[in-house]
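Remember, predicted model here, so these are calculated numbers, not experimental data. Hydrogens, waters and symmetry mates are skipped; everything else that's a heavy atom, side chains included, is used. Whatever order the structure lists ligands and atoms in, that order sets their numbers, starting from 1.
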Amino acid sequence: MKEIKIESTLYVFDNVNELPNEALSLMQKAIEARGKAYAPYSKFYVGAALLLDNGQVITGNNQENASYPSGLCAERTAIYYAGSQFPDSKIIRMAISAGSKRNQTTKPIPPCGACRQAIAEYEIKQESPIEIYFMGETGAVAKSNSLANLLPLVFDKSVL
Ligand code: THU
């Protein structure tokens, strides 16, 4: 038996104003997208913005449904749109902001497991890391240099 340790590195900015300009402008788009989320059931509003290597910014937000599992998270709404419209473009960076109508989210909200798996697919496909910035409504912003840091032991095409 041997022990395997898995390490992951994140960077934390105290607030949105500490972000480098290129990340700040993308986070502002994510915040704007969050404001248009359709989340009447959870009241949890999430916005995501992606910067592509062709300069395009794609945004998405969570879309809920009366049949709850039919809804989709903000990150996948955005990344599937990018994948469908710009299949040959690489994703440079993603910004995510989440806020609740029930209580103020003041700590960084990471993408859920299913979204991490979806983002991983595109990172592996494009063979270059996707930077991920994520935050709540206010407060600290976390940054991962690659989706891989958020999903150790990824299930990928190599096993198929
Ligand atoms: N949600 C996202 O949009 N992204 C995530 O990564 C986590 C959860 C949405 C799904 C649902 O509409 C609401 O937040 C509550 O789970």
Which ILVMFWY residues are connected to [X], directly or by a chain of links, through side-chain heavy atoms under 4.5 Å apart?
X: V12; answer: none
X: M27; answer: F13, V16, L19, L24, I31, Y133, M135, V141
X: F155; answer: V159, L160

Is the count of non-hydrogen atoms from other residues, nucleotides or ligands lying under 6.0 Å from Y81 atom OH greater than 12?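 Result for OH/Y81: open.
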Enclosure of K29 NZ (heavy-atom neighbours >12, cutoff 6.0 Å):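 Open: at most 12 neighbouring heavy atoms sit under 6.0 Å from NZ of K29.
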Transitive ILVMFWY side-chain link Y122 to I96, under 4.5 Å: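 Y122 and I96: one cluster.
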Give every pair formed by an N or O atom of ligand 1 and a protein N or O atom closer than 3.5 Å, one pair per line with both atom names and the distance to 0.1 Å, or write none.
unit_1   : atom_1 : unit_2 : atom_2 : d
ligand 1 : 3 (O)  : A74    : N      : 2.9
ligand 1 : 4 (N)  : E75    : OE1    : 2.8
ligand 1 : 6 (O)  : E75    : OE1    : 3.4
ligand 1 : 6 (O)  : E75    : OE2    : 3.0
ligand 1 : 6 (O)  : C112   : N      : 2.8
ligand 1 : 12 (O) : N62    : ND2    : 2.9
ligand 1 : 12 (O) : E64    : OE2    : 2.4

